[in-house]
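Residues: numbered from 1 along the sequence shown. Remember, it's a predicted structure, so these values are computed and weren't measured experimentally. Atoms within each ligand, like the ligands themselves, are counted from 1 in listed order. Note: hydrogens, waters and symmetry copies are ignored here, and every other heavy atom, side chains too, is used.
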Amino acid sequence: MAAASARGSIDVSLVVVVHGGGASNISADRKERVHEGIARAATEGYNILKAGGSAIDAVEGAVIVLEKDPEFNAGCGSVLNAKGDVEMDASIMDGKDLSAGAVSAVRCIENPIKLARLVMEKTPHCFLTGHGAEKFAADMGIPEIPVENLITERSKKHLEKEKLEKGAQRADCPKNLGTVGAVALDCKGNVAYATSTGGIVNKMVGRVGDSPCIGAGGYADNNLGAVSTTGHGESILKVNLARLALFHIEQGKTVDEAAELALNYMKSKLKGLGGLILVSKTGDWVAKWTSASMPWAAVKNGKLQAGIDICETRTRDLH
Ligand code: GLY
Ligand code: GLY
């Protein structure tokens with residue numbers, strides 16, 4: 001005879017947290033646009049959850065908003081490589097069954113995160129790169145767009161400045177570390193993450209960072225929670241930053257302690273700076289960074305909080 005059981009819905013909070021990458025020297029007028037963009041992305045993710053969408057739908061939806069926003073280093077607004085071209089990395093993961101999809105060094109598409117999700121859902125693989133990823137995009141009916149549509153005046157100036165100031169590619173930790181990402185917890189207790197980036201300015205052609213690498217750029221497991229990271233890709237890869245933060249959750253640490261331990265390890269071991277957002281399976285969340293600042297926004301139970309610097313958090317109710 002089957003064991004007796006009782007069923008009921010799990011009483012979990014809906015949570016979405018997004019980040020807009022580590023950054024320094026954000027001018028006052030740009031700060032307002034960044035605030036507006038990051039809040040819009042979190043609201044989009046939350047509205048998807050509120051309408052009954054899954055965590056994976058919410059993180060994809062939030063990241064699409066940021067990929068379309070030229071203020072952020074992902075999709076349109078991506079930083080340029082040493083040849084002045086855009087090569088983008090993205091990954092996504094569903095904590096329900098650990099299914100994951102990633103793409104790297106993709107060009108001429110509007111939303112790399114959509115392609116990463118298609119890799120997850122429509123192929124037997126986790127990760128497609130370069131030419132193969134672009135062929136898969138075409139097979140899936142994703143339109144190719146002119147590279148100019150992804151390049152902004154700001155990203156052109158950024159590359160010029162970097163080349164003038166620093167010359168060739170550097171091995172040390174750069175100051176502008178952009179990436180966008182989202183984590184979410186849905187009403188069924190599923191967590192997910194999505195991360196997308198143009199990488200690091202003046203990078204070598206073909207350089208792939210942490211963002212498309214499962215465990216480094218993000219991780220999601222319903223038993224633990226979900227993380228999306230930002231910062232110096234070469235450092236994040238070496239410490240597996242997202243999985244490291246969840247390891248500390250596994251060891252019984254709070255979300256705050258886990259994020260701090262993981263980021264401090266990367267800083268002390270490699271002088272690597274960055275940030276992460278984490279939501280636990282019980283809906284506790286944190287946004288933490290060792291870079292100069294990190295635009296972030298979170299919505300939990302209809303309350304939106306957002307910030308860029310440690311000194312400032314804005315709060316409002318969503319209706
Ligand atoms: N372990 C080799 C591969 O899966 O590509
Ligand atoms: N974290 C983004 C990159 O290094 O590409």
Nitrogen or oxygen of Gly199 less than 3.5 angstrom from that of ligand 2 | no
Taking 4.0 angstrom as the limit, do Arg40 and Asp69 come out as a salt bridge?
-> yes
Interfacing atoms of ligand 2 (cut-off 4.0 Å, heavy-atom, Asp210) | 1 (N), 2 (C), 3 (C), 4 (O), 5 (O)
Determine whether the side chain, the backbone, both or neither of Arg207 has a heavy atom under 4.0 Å from any heavy atom of ligand 2.
-> side chain
Exercise answer: donor-acceptor pairs, residues 238-246 side-chain atoms, under 3.5 Å, sequence neighbours excluded:
residue : atom : partner : partner atom : Å
Asn240  : ND2  : Leu237  : O            : 3.2
Arg243  : NH1  : Glu250  : OE1          : 3.4
Arg243  : NH2  : Glu250  : OE1          : 3.4

Ligand 2 atoms nearer than 4.0 angstrom to some heavy atom of Ser211 are 1 (N), 2 (C)
Do you know which two heavy atoms are closest between Val106 and Pro112, and how far apart they sit?
-> CG2-CB, 4.2 Å
Electrostatic pair Asp57:Arg117 at N-O distance under 4.0 angstrom | yes
Can you sort out which atoms of ligand 2 are near Ile200, meaning under 4.0 Å from one of its heavy atoms?
-> 4 (O)
May I ask you to say whether Glu87 pairs ionically with Arg107, meaning some side-chain N is under 4.0 Å from a carboxylate O?
-> no
Please determine if Thr197 has a nitrogen or oxygen closer than 3.5 Å to a nitrogen or oxygen of ligand 2.
-> no
Any N/O of Ile236 closer than 3.5 Å to an N/O of ligand 2?
-> no
Which of the atoms in ligand 2, numbered in the order shown and given with their element, are less than 4.0 Å from a heavy-atom of Thr179?
-> 1 (N), 2 (C)
For Glu160, which residues count as a side-chain contact (heavy atoms from CB on, under 4.5 Å) partner, sequence neighbours excluded?
-> none
